[in-house]
Amino acid sequence: MHSDLRFDGSRAYAHLKHLVVDIGPRLGGSHNERRAAEYIRRYYESLGLKVRLEEFPVTNYDLQEKRLEVVSPALGDIPCEVYYLNQDTPPEGIVADAVYVGPGNLSHLGPEVEGRIVLVLRGVRSDTYADLMRWKPAGLVIIEDTVATGPIRTETLPEVRAKFGAVPAVRISHEDGLQLVKGGVERIRMVVQTVENQATSCNVIADLQGTVFPDQLVVIGGHFDSSIGIQGASDNAGGTVVAMELARVFAERGSKRSLRFFAWGSEELGLRGSVHHVKGLKKAHKDAKKADGFVKGRDKTELDTHVLCVNIDVQGAMLGMNEAMVLGPKDLAAAVRLMSKEHGPSFKVEETTYSSDNMPFSEAGVPSVGFARSGGTTSFLHTPGDVIDHLSPAALEENGRFVEEFLIRYATEARVFPFEREIPDDQKKKIKEYFEKLLRIDYLDDEENDKKKE
Ligand SMILES: [Zn+2]
């Protein structure tokens with residue numbers, strides 16, 4: 001076979017370089033995110049695919065000032081990152097007594113944290129956030145639980161903030177957290193000044209029509225946004241460029257089934273792009289089924305045509321471990337496992353949820369596989385350390401060729417699509433839990449939520 005018809009790591013790497021070095025940080029809704037979207041759109045158009053941008057609103061932010069100072073004992077300034085979409089302090093900051101409350105489950109907390117700046121070891125998810133906010137602390141200092149990475153750049157979801165309230169919050173490295181606790185930290189000054197923006201983000205969607213089964217659709221993609229002010233090379237320019245290079249291969253090879261290549265916007269802000277897209281599919285599905293002349297079993301909605309979602313998030317680490325997270329029928333996980341054994345390379349295959357853009361699809365009943373490459377330098381995700389220096393063309397190619405072979409066998413060449421369109425009940429439960437408990441968002445189905453509220 002002509003070598004151009006195989007996934008080429010150096011081509012993917014050239015896109016990667018453009019996204020993370022020439023364009024740079026790609027916060028959801030930012031000017032740079034849109035520049036990246038235009039680059040990807042133009043590339044997909046050059047392949048002859050049918051391309052569109054899908055816009056949606058997001059809340060994003062800018063930093064104005066951040067400062068954390070240990071006043072007593074006088075340890076001075078500690079480097080920190082803002083835990084965004086919380087509350088600003090007054091310009092002069094706040095000063096309060098500090099209390100360390102440990103990690104994880106914080107349901108045991110009581111009035112001892114009221115009015116204090118609370119130090120907590122990582123693991124502040126939406127449920128622990130609710131436990132913290134109940135006692136009205138003055139501020140929050142989150143200590144990372146991974147050494148040598150520095151504090152990560154992330155935010156509270158606006159939906160969570162609306163539900164449980166906000167407080168000025170920062171994140172610090174594990175090492176600094178250790179020094180603070182060891183030094184018997186008593187009093188802290190904190191300054192957090194940010195700007196919030198209502199912005200517009202977008203997905204890039206590129207279609208390749210199937211030649212034999214056009215109404216069987218496989219979606220393939222990864223998010224192209226990054227956390228604020230960082231390259232986001234592994235997470236997830238790497239996955240974006242793997243999808244781009246796969247698009248080139250299949251645009252040339254052709255496919256029996258329809259393929260839809262995605263670059264998702266604003267994943268880091270709470271899966272905004274994929275949630276917006278799947279919400280649209282679900283609404284159209286509902287409306288179509290209600291319409292006159294729709295015959296169940298004969299007619300298909302667009303959502304019905306989705307047979308598989310392949311999501312690629314966190315890719316390219318030179319020294320990384322391959323992983324596949326599967327939601328769907330037993331055969332799907334088995335196929336990835338067998339292919340890894342027989343074809344290589346080694347993949348850790350798990351039937352589990354993975355916090356990324358495949359989740360809204362699987363919530364809507366579409367089986368999904370999430371391909372990732374973890375370990376080593378991927379500890380730097382969401383920090384300025386997630387840089388292109390840790391990635392290589394060879395690592396992109398190793399995963400890219402595996403996904404390519406997987407798609408050829410089961411989607412683009414297969415006589416029969418071998419996987420049932422089903423999500424087992426135990427997985428459905430986990431998916432529901434993911435959206436309700438971890439994100440504390442029931443934002444997947446507005447209509448049903450509106451009814452509940454009435
Ligand atoms: Zn990611």
Side-chain angles (χ1 to χ4, degrees), residues 12 15-16 19-20 23-30 32-33 36-37 40 58 60 81 84 125 144 146 149 152-155 157 201-204 219-244 246 261-278 309-317 320-325 327 350 352-362 368-388 390-391 395-396 399-400 403 434-435 438-439:
H15 293 308
L16 178 81
L19 288 175
V20 308
I23 294 177
R26 303 169 305 285
L27 179 67
S30 68
N32 271 6
E33 193 204 34
I40 299 162
V58 290
N60 72 7
E81 297 288 352
Y84 288 96
R125 303 184 321 209
E144 303 300 345
T146 308
T149 65
I152 74 165
R153 298 186 178 182
T154 184
E155 68 287 302
L157 296 167
S201 177
C202 66
N203 299 320
V204 188
V219 303
I220 304 147
H223 71 88
F224 68 102
D225 64 310
S226 73
S227 302
I228 188 170
I230 67 166
Q231 283 194 355
S234 267
D235 185 15
N236 182 39
T240 303
V241 303
V242 168
M244 286 170 80
L246 287 167
F261 294 94
F262 265 109
W264 303 110
S266 297
E267 189 264 1
E268 303 293 6
L269 298 176
L271 315 184
R272 301 292 159 181
S274 52
V275 164
H276 174 83
H277 182 79
V278 172
C309 168
V310 173
N311 187 59
I312 310 169
D313 190 1
V314 182
Q315 280 295 331
M321 296 178 290
N322 303 314
E323 280 184 293
M325 278 66 63
L327 293 168
E350 275 186 292
T352 181
T353 58
Y354 179 60
S355 186
S356 188
D357 293 307
N358 58 307
M359 292 297 289
F361 282 91
S362 288
S368 66
V369 187
F371 288 103
R373 194 168 160 99
S374 68
T377 51
T378 61
S379 306
F380 290 109
L381 297 195
H382 304 163
T383 79
D386 181 10
V387 290
I388 193 168
H390 301 151
L391 280 64
L396 292 168
N399 255 261
V403 182
Y434 167 80
F435 281 107
L438 289 185
L439 291 183

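Each ligand, and each atom within it, is numbered from 1 in the order the structure gives.
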| query | V219 and F361: side chain to side chain contact (heavy atoms under 4.5 Å, CB included), yes or no, with the steps? | reply | CA-CA 10 Å; V219 303; F361 282 91; 4.0 Å; yes
| said: Looking at N322 and R373, would you say the former's side chain and the latter's main chain have a donor-acceptor pair under 3.5 Å? | reply: no
| request: Give a yes or no on whether the backbone of F380 and the side-chain of D386 come within a donor-acceptor separation of less than 3.5 Å. | output: no
| message | Run the side chain to side chain donor-acceptor pair (under 3.5 Å) test on D313 and H223 for me, step by step, so that the C-alpha distance in whole Å, both residues' side-chain angles and the decisive distance to 0.1 Å come before the verdict. | response | CA-CA 7 Å; D313 190 1; H223 71 88; 3.1 Å; yes
| message | Could you walk me through whether T383 and T149 satisfy the side chain to side chain donor-acceptor pair (under 3.5 Å) test, starting with their C-alpha distance in whole Å, then the side-chain angles of each, then the deciding distance to 0.1 Å, before giving a yes or no? | response | CA-CA 7 Å; T383 79; T149 65; over 6 Å; no
| request: Would you indicate whether the side-chain heavy atoms of L246 and F261 approach each other to under 4.5 Å? | output: yes
| field | Residue and atom names of protein N/O/S atoms that fall under 2.8 Å from the Zn ion (ligand 1) | value | H223 NE2, D235 OD1, D313 OD1, D313 OD2
